[in-house]
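To start, the structure under review is shown below, and the notes come after it.
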Amino acid sequence: MKKILRRTSCFILTVFLLCSLLPARVSAGYDLPGTCQAQTDTGAACTVKTLDHDYARNTYYSLRDIAMLLKDTDKCFSLEITRNTVSMVLGNAYAPVGVENALWESGDKLDVSLRRNEFKVNGQDVFYFTFILKLPSGYYDCFIMAADLAMILDVDMAVPGEDSLEIRTQEPFFVSPSALEQAGYFYGVNGVLVGDATTGEVYYAYQAGEPYPIASTSKLMTCLLTMEALAAGQITLEQQVTVSGAAQALAASGDGVIPLEAGGQITVRELLLGALLPSSNECALSLAEAVAGSEEAFVRQMNEKAQELGLSQAVFFNSHGLPSYTEDPVPAKRQNRMSAEDMFRLVSYILRVYPQITDYTSLQEATLGSLDLEVRNSNPLLRNMPEVTGLKTGTTNKAGACLVTSLTAGDGAAAHDLVVVVLGTEDSIERGRVSGLLARYALQVFRTGMDSPEDGTAAGNLPTHAEAAVEQILRTARKH
């Protein structure tokens, strides 16, 4: 009788839990169709179909409708859209297919999902998240964020109201982080910093002094210590590393990336590629063991190096950035942490002392010959901006989605390394968009010295030391 009662209780509890979960799943997301009135500075105006994804005002705009609006302007573009591909050619006239600027039909079925569709601009692959859906006419349309399209077209866009969109075709794309901060744009981000690693000048910072979990961006410290060992002759790039049982266990776990097997051999160079491009945790662990003999010894070196570099908020528990659990009966969950300021210092040091790191991080893909395996770089901005040279992505539940970006920019005399640190965005979509905006801001300030169209200087971010002050004066003089 007790067994029957237990089974009945378990059944009732299961039904209760399922009933409580189902409404949450149903209401968790939606794609709400709408329209807005769009106009250009040339006087052209039209209706543009929109989709609000998951949240009101999280709006994606019809690419066909906007292509029709811009077809007689300097920002025109041709467009081909299939089930999961988009191809744009900037400067080409758009050929209408008859579905542009029309209202949604009542029978339109919105069976869509936000995803990484194949996207080409002028024949080159780029990385943006979009919706593609099939209209009742049989043609496909693509829906894209206004900020992403503005960056692609290098044009100023504004959303003055819920149902309006302005496209200023004669004004280039411009970013003002201070205005974004005032509007609450960074409230969902842990920390942000934009600066010139070559001079130390900080262009913009938000919560940059607070420590946060950094996930796989931890691997930048792992690679720094590996490069120091290479420079000291302790190891070589072509040296074969024997995979340990711990590395195999990590590869076989849910956080595994590259199928390393205990007893197998792989070169230091391939381990660097695996750690930096697809963010292989087992490759980072193998590097730690090759350099220091054990991960425990390597982590001590990581923390010692952090102190040496003055990274006051940095603490490391492992070589890869995954959560680390204590051995207590009730284990504590720890994660490597660092502030955006610390990360800027770390990256500035790496780029100055070991600039060859970008020989790895600038690759979109690579082959690991020992494993006959192709790996791809997880950094989305490499495909969107030619100036980007790296550096590292990172994601855990606690850390959120992080990205440290490096860019090269020239002032006519020398190349500078610009750095964007973004810690703790909600997901990889926001990580890419926030980092993309701030990377363009970094180039904007470096090239023009302007934080906003109204003023001529980077507001509130004066150089932090004499070298940076002199550099800014010279750069401004060269522009004039």
Is there a side-chain contact between Ser178 and Glu181, using heavy atoms and a 4.5 Å cut-off?
no
Roughly how far apart are Leu351 CG and His416 NE2, rounded to 0.5 Å?
13.0 Å
Test of understanding: with side chain to side chain donor-acceptor pair (under 3.5 Å), list the residues that count as partners of Thr40, not counting sequence neighbours.
Thr42
Strictly distance-based, threshold 3.5 Å: is any side-chain N or O of Arg431 a donor or acceptor partner for the main-chain N or O of Cys402?
yes
Could you tell me whether Arg168 atom CZ has more than 12 heavy atoms of other residues or ligands within 6.0 Å of it?
yes
What is the distance from atom OG1 of Thr408 to atom CG of Leu418, rounded to the nearest 0.5 Å?
8.0 Å
Aromatic rings Trp104 and Phe143: how do their planes relate, parallel, tilted or perpendicular, breaks at 30° and 60°?
parallel
Can you find a pair of side-chain heavy atoms, one from Phe129 and one from Met145, that are under 4.5 Å apart?
no
When you measure from the side chain of Asp148 to the backbone of Tyr128, do you find a donor-acceptor pair of N or O atoms at a distance under 3.5 Å?
no
Residues Ser137 and Val99: closest non-hydrogen pair is OG-CG1, 3.1 Å
Hey, does the side chain of Lys71 reach the backbone of Cys76 with a donor-acceptor pair shorter than 3.5 angstrom?
no
Please round to the nearest 0.5 Å and tell me the distance separating atom SG of Cys223 and atom CG of Leu276.
3.5 Å
My understanding is that only one of Leu149, Leu437, Asp156 makes a side-chain contact (heavy atoms from CB on, under 4.5 Å) with Phe173; could you say which?
Leu437
Whether Arg83 side chain and Lys134 backbone form a donor-acceptor pair below 3.5 Å:
no
Are Cys36 and Tyr61 side-chain neighbours, meaning at least one heavy-atom pair lies under 4.5 Å?
yes
State whether the number of non-hydrogen atoms from other residues, nucleotides or ligands found under 6.0 Å of Glu171 atom CD is greater than 12.
yes
Would you indicate whether the side-chain heavy atoms of Tyr206 and Tyr185 approach each other to under 4.5 Å?
no
Has Lys120 got more than 12 heavy atoms of other residues, nucleotides or ligands less than 6.0 Å from its NZ?
yes
Take a 6.0 Å sphere around CD of Gln37 and say whether it holds more than 12 heavy atoms from other residues, nucleotides or ligands.
yes
Test side chain to side chain contact (heavy atoms under 4.5 Å, CB included) on Leu220 and Met343; report intermediate values, then the result.
CA-CA 9 Å; Leu220 291 171; Met343 185 63 76; 4.0 Å; yes
Let's go through Thr130 and Asn117 carefully: what are the C-alpha distance in whole Å and the side-chain angles of both, what is the deciding distance for side chain to side chain donor-acceptor pair (under 3.5 Å) to 0.1 Å, and is it a yes or a no?
CA-CA 7 Å; Thr130 57; Asn117 296 293; 2.8 Å; yes
Between Asp74 and Thr169, do the side chains contain a donor N or O and an acceptor N or O under 3.5 Å apart?
no
Any Ile167 side-chain heavy atom under 4.5 Å of Lys75 side chain:
no
Interatomic distance, Leu285 atom CG to Leu250 atom CG [nearest 0.5 angstrom]:
6.0 Å
CG-CD distance between Asn379 and Gln364, expressed to the nearest 0.5 angstrom
9.5 Å
Say whether, by atom type as modelled, one donor and one acceptor occur between the side chain of Glu282 and the main chain of Val257 under 3.5 angstrom.
yes
Side-chain heavy atoms of Pro177 within contact of Val194, under 4.5 Å:
no
So which atom in Val422 and which in Thr425 form the shortest heavy-atom distance, rounded to 0.1 Å?
CG1-CG2, 3.5 Å
Grab the two heavy atoms, one from Leu322 and one from Asn318, that are nearest each other, plus how far apart they are.
O-ND2, 2.8 Å
Side chain to side chain contact (heavy atoms under 4.5 Å, CB included) assessment of Thr395 paired with Asp427:
CA-CA 8 Å; Thr395 305; Asp427 54 32; over 6 Å; no
So which heavy atom on Val86 is nearest to which on Leu79, and how close?
CG1-CD1, 4.1 Å
Checking Thr35 side chain against Thr47 main chain: does a donor-acceptor pair fall under 3.5 Å?
no
Short question: side chain of Ser62, backbone of Thr50 - any donor-acceptor pair under 3.5 Å?
no
So, for Ser279 and Lys392, which heavy atoms are closest and what is the spacing to 0.1 Å?
OG-NZ, 2.8 Å
Using a 3.5 Å distance criterion without hydrogens, assess whether the side chain of Thr361 forms a donor-acceptor pair with backbone atoms of Thr389.
yes
Assess the residue pair Asp417 and Ser406 against the criterion (side chain to side chain donor-acceptor pair (under 3.5 Å)); give the C-alpha distance rounded to whole Å, side-chain angles, the decisive distance to 0.1 Å, and a yes or no.
CA-CA 6 Å; Asp417 289 307; Ser406 61; over 6 Å; no
If every non-hydrogen atom of Asp342 is compared with every non-hydrogen atom of Ser339, which pair is closest and at what distance?
N-OG, 3.0 Å
Leu70 vs Leu153, test: side chain to side chain contact (heavy atoms under 4.5 Å, CB included). Steps then yes/no.
CA-CA 11 Å; Leu70 298 177; Leu153 299 179; 3.8 Å; yes
Under 3.5 Å donor-acceptor, Glu270 side chain and Ser370 backbone:
yes
If I take atom CD from residue Glu100 and atom CG from residue Asp65, how far apart are they, to the nearest 0.5 angstrom?
7.0 Å
Any donor-acceptor N/O pair, Gln313 side chain to Arg337 backbone, under 3.5 Å:
no
Residues Leu381, Leu407; criterion side chain to side chain contact (heavy atoms under 4.5 Å, CB included); working and verdict
CA-CA 10 Å; Leu381 297 191; Leu407 310 93; over 6 Å; no
Please assess Thr367 against Glu374 for the test side chain to side chain donor-acceptor pair (under 3.5 Å), listing each intermediate value before the final yes or no.
CA-CA 5 Å; Thr367 300; Glu374 296 283 338; 2.6 Å; yes
Do Leu443 and Met385 make a side-chain contact, defined as non-hydrogen atoms from C-beta onward lying under 4.5 Å apart?
yes
When you compare the side chain of Ser216 with that of Asn281, does any pair of heavy atoms fall below 4.5 Å?
yes
Using side chain to side chain donor-acceptor pair (under 3.5 Å), reason through Arg64 and Tyr94 one step at a time and then give a plain yes or no.
CA-CA 9 Å; Arg64 287 196 181 277; Tyr94 176 69; 2.9 Å; yes
